[in-house]
Amino acid sequence: GVEVGPQPQGVARADILDKMRKIVKHGLDFVQLFNEGKEFPPCTIEVFKIMEKVDYPRNKNNEIIAVIHPQLQDQDWQPLNNGDPLFLTLDGKVIPCQGNCPVYPTFINEAAYYEKKQAFVKTEKIKLTAKALRSSVS
């Protein structure tokens with residue numbers, strides 16, 4: 001599967017559709033070249049590994065008491081450092097990021113995740129290395 005976004009539910013965006021078409025085309029090109037016996041050299045890529053899901057701050061009645069801070073909104077995949085603002089309480093207090101940093105938040109304030117009690121997901125940037133690859137079928 002391929003998920004390309006961010007894109008609000010029920011909205012068709014031309015730029016996101018174009019990105020999806022490009023990634024599917026690259027995938028199909030890879031399959032064709034692999035099936036033709038092309039060798040792919042070793043490579044290293046950066047990826048984002050999910051660390052944890054972060055819920056909104058809640059009161060004793062399990063009600064949300066803060067919103068995503070304006071400086072964090074729309075900053076998916078951008079580094080988040082210790083002390084950076086995460087949430088803004090309904091009475092105007094800033095709740096900062098604490099702990100091991102930097103982390104890379106994603107799915108920030110996505111409407112589809114409110115019911116799952118997820119304000120965003122913390123990820124870490126890691127490098128993966130792949131060996132050379134060639135089809136063994138001739």
Side-chain angles (χ1 to χ4, degrees):
V2 175
E3 182 176 343
V4 181
Q7 178 170 308
Q9 292 176 303
V11 175
R13 288 183 40 173
D15 60 332
I16 300 298
L17 181 59
D18 183 56
K19 288 178 183 179
M20 184 272 306
R21 285 182 174 144
K22 285 178 182 175
I23 194 69
V24 170
K25 182 185 179 311
H26 287 306
L28 293 172
D29 289 345
F30 169 82
V31 170
Q32 181 177 349
L33 292 169
F34 180 80
N35 287 341
E36 291 172 355
K38 176 175 173 60
E39 181 173 351
F40 295 88
C43 66
T44 301
I45 61 170
E46 287 184 338
V47 299
F48 294 88
K49 179 181 176 186
I50 292 175
M51 297 168 54
E52 68 177 303
K53 295 175 183 177
V54 177
D55 191 8
Y56 293 89
R58 295 177 183 270
N59 64 18
K60 63 181 185 225
N61 296 324
N62 206 30
E63 299 165 326
I64 294 174
I65 59 167
V67 295
I68 294 293
H69 193 280
Q71 290 179 22
L72 180 58
Q73 185 64 52
D74 301 321
Q75 296 301 307
D76 296 77
W77 313 110
Q78 299 304 310
L80 184 61
N81 296 296
N82 199 36
D84 287 350
L86 291 181
F87 298 101
L88 187 61
T89 65
L90 300 180
D91 61 356
K93 294 183 179 135
V94 174
I95 299 173
C97 181
Q98 297 177 344
N100 296 334
C101 292
V103 295
Y104 298 83
T106 189
F107 304 114
I108 300 169
N109 203 24
E110 293 277 344
Y113 296 115
Y114 271 70
E115 66 187 38
K116 297 176 191 222
K117 296 183 176 182
Q118 180 179 310
F120 61 93
V121 173
K122 285 184 184 178
T123 68
E124 63 180 328
K125 190 187 294 189
I126 62 172
K127 290 185 179 185
L128 296 179
T129 300
K131 297 177 181 178
L133 180 65
R134 176 182 278 181
S135 174
S136 60
V137 179
S138 296

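Each residue takes its place number in the sequence, starting with 1.
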If the condition is side-chain contact (heavy atoms from CB on, under 4.5 Å), which residues does [X] pass it with, not counting sequence neighbours?
X	value
Asn61	Asn59, Glu63
Arg21	Leu17
Val11	Pro8, Arg13
Ile126	Val47, Lys49, Glu124, Leu128

Quick one: do Leu86 and Ile50 end up in the same hydrophobic cluster if we chain Ile, Leu, Val, Met, Phe, Trp and Tyr together by side-chain heavy atoms under 4.5 Å apart?
no
Are [X] and [Y] close enough that some pair of their side-chain heavy atoms sits under 4.5 Å apart?
X	Y	value
Leu133	Phe30	yes
Lys117	Arg58	yes
Ile64	Tyr114	yes

Pairs touching residues 78-87 that satisfy side-chain hydrogen bond (donor to acceptor under 3.5 Å, both in side chains), sequence neighbours left out
none
For residues 89-97, run the donor-acceptor check on the side chains, cut-off 3.5 Å, and write out each pair with its distance to 0.1 Å, sequence neighbours left out.
residue : atom : partner : partner atom : Å
Thr89   : OG1  : Asp91   : OD1          : 2.4
Thr89   : OG1  : Gly92   : N            : 3.4
Thr89   : OG1  : Lys93   : N            : 2.8
Thr89   : OG1  : Lys93   : O            : 3.3

Please tabulate, one pair per line, all N/O donor-acceptor pairs under 3.5 Å involving side-chain atoms of residues 36-45, not counting sequence neighbours.
residue : atom : partner : partner atom : Å
Glu36   : OE2  : Gln32   : NE2          : 3.1
Glu39   : OE1  : Arg134  : NH2          : 3.3
Thr44   : OG1  : Thr129  : OG1          : 3.2

Those residues that, when tested against Asp29, pass side chain to side chain donor-acceptor pair (under 3.5 Å) (two or more places apart):
Lys25
To which residues is Ile65 joined in a hydrophobic cluster, defined by side-chain heavy-atom contacts under 4.5 Å among Ile, Leu, Val, Met, Phe, Trp and Tyr, whether direct or through other members?
none
Lys125: what forms a salt bridge (Lys or Arg N to Asp or Glu O under 4.0 Å) with it, not counting sequence neighbours?
Glu46
Test salt bridge (Lys or Arg N to Asp or Glu O under 4.0 Å) applied to Asp74 - qualifying residues, sequence neighbours left out:
none
Can you sort out the partners of Tyr104 under ring pair (Phe, Tyr, Trp, His ring centres under 6.0 Å), two or more places apart, ordered by chain and number?
Phe48
If we check side-chain contact (heavy atoms from CB on, under 4.5 Å) with Pro105, which of these qualifies: Val54, Asp76, Leu72?
Leu72
